[in-house]
Amino acid sequence: MDFGKLIVISIGAVFINNYIFSRFLGICPFVGVSKKLDSATGMGFAVIFVMSLASAVCYALNTYLLVPLKLEFLQTLLFILVIAALVQFVEMVIAKISPSLYTALGIYLPLITTNCAVLGVAVLNVNEKFTFIESLVNGFMGGIGFTMALLLMSGLRERYETADIPKPFQGFPITFVTAASMGLAFMGFAGLSF
Amino acid sequence: METIIIQSFVSMAIMGLVFGAGLAIASKYFYLEKDPREEQIIEALPGANCGACGYPGCSGYASGIVKDGLPVNACIPGGPAVAEKIAKIMGTVAEEKIAQIAFVRCQGGKEEAISFANYDGYYDCRAVFAIAEGGKGCIYGCLGFGTCTEVCPFDAIKMNDNRLPVVNEEKCTGCGKCVSACPRSIITLVPRSKIVFIPCVNKQQGAVVKKICSLGCIACGLCAKKCPVNAIEMVNNYPVINEEKCISCGYCATVCPVKLIIDRKAPRKTYIIDEEKCIGCTICKKNCPVEAISGETKQKHVIDAKKCISCGICAEKCPKDAISMQK
């Protein structure tokens, strides 16, 4: 196994091609759940979990089902189906096996059933022609990058609570302005790309 | 061409069926037993998620009742009506809980209390408190930035023109959100039946208070001295009412030199005894805290208007309803 490539993929997924700041995927939970630090943490962990799982399962289905049948054009459809079913299944299992983890992940698990960042990971894994391990690392690190963005944003937004923001900018406008500037800042990481 | 359509259709249909069946089986296999009563209780609760019961939201309280056997009367906004509903669902009897109401212990608005500085910044009492304590002369009084009005989930507390919070008694449920939000701990919960209040928490010397607020307790101790049942005690320059001793006569309100003490039964008038109804049982005489009633057994009793403090205890105790307030 090529560990060098795995590190490249990891750094790429977290910083250079951050799912929120440079791919602009998963903006909905990014804006919706970043109001408080603890809910952002919960959401982040749920995303890491689902992204890793989804990239593993989608890789397997794509390689052993769609490619042999030459039905690659059904990727998006199948991936949505798989992720939705998977999240439902995992939610049931967690509720039964570990109620404490279930309450910790809480409402965030079903929220990311149809999250585009999760679907994005699965599709990108196929486009980049990653192996199974590489897909898994890409999914996991993509989740880490997502969580980092969410935590950064929620930290800033908690400060906005006491900041003197002009009336027209209060709420979502200032959030979007902040997200845009953070996206610009993350463009700096493009220089890192190998 | 057709084979692709058929292939994709069939494979997707199979996948859908497999996932659907899988989830159906999983939901049976991982079935979690849920108490149907929990759902009923959630429906019975007000759904304000105020947290006054001490649990995170109404559903948290509901599962607490079912699983941990919490008391059914912890929902303060719902009051006895909701407690009874929950008791019915759980098959127990609801104990009555004393209804409470928020009470603001400050009367020094911008007209009464002196400010030595202006605050221009984020409009929130807690922010003001953290920076410079608001610039008000009184270090105990209401800051007047209305954080209590913002946290109230029932819209029951409003700021008046004098920049003092006013509690709407009909809307207030006694949940206590404003109590914990107030950085100066001015708001407290009191029983709804309470009649006499001291709306000031200033513990400074009288001379100091006089300079900074025209409606502040100057710690003269007159209320404590004049109280007919010795229910008021001066603690650290501040009168404390002993609720067990207090007879709600409102006499302290009349003697207070700054007219600070609130008497909800005011204005009171002295009481008189209807001579035709009086049977001379002496119950009123025994119960009068200031010995204003005179008269021998089996003879008509008389209230001395000069001594009477209009507490109304005699009227309550009279078995023949012979005592009433003067018109």
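Numbered from 1 within each chain, the chains take letters A, B, ... in sequence-line order.
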- Would you call the rings of B:Tyr119 and B:Phe145 parallel, tilted or perpendicular, where under 30° means parallel and over 60° means perpendicular? perpendicular
- Query: Parallel, tilted or perpendicular: which describes the rings of A:Phe15 and A:Phe186, with under 30° parallel and over 60° perpendicular?
  - Reply: parallel
- Query: With distance as the sole test, does B:Lys136 use its side chain to make a donor-acceptor pair with the main-chain N or O of B:Cys142 at under 3.5 Å?
  - Reply: yes
- When A:Val121 is tested against each of A:Val123, A:Leu124, A:Asn125 for side-chain contact (heavy atoms from CB on, under 4.5 Å), which residue passes? A:Asn125
Go through the atoms of [X] and report whether side chain, backbone, both or neither lie under 4.5 Å from a heavy atom of chain B.
{"X": "A:Leu65", "value": "side chain"}
{"X": "A:Leu78", "value": "both"}
{"X": "A:Ala163", "value": "backbone"}
{"X": "A:Leu61", "value": "side chain"}

- Closest non-hydrogen atom pair, A:Gly155 against A:Leu37: N-CD1, 4.1 Å
- Note on the structure: In terms of heavy-atom contacts, B:Val167 and B:Cys172 come closest through CG1-CB, 3.7 Å
- Aromatic B:Phe154 / basic B:Lys171 pairing, under 6.0 angstrom, 45° off normal: no
- Message: Give the interface residues of residues 5-19 of chain B toward chain A, defined by a heavy-atom separation under 4.5 Å.
- Response: B:Gln7, B:Ser8, B:Ser11, B:Met12, B:Met15, B:Gly16, B:Phe19
- Task: Would you please name every residue forming a ring pair (Phe, Tyr, Trp, His ring centres under 6.0 Å) with A:Tyr160, sequence neighbours left out?
- Result: none
- Heaviest contributor of heavy-atom pairs below 4.5 Å to chain B, chosen from A:Leu66, A:Leu74, A:Leu69, A:Leu86, is A:Leu74
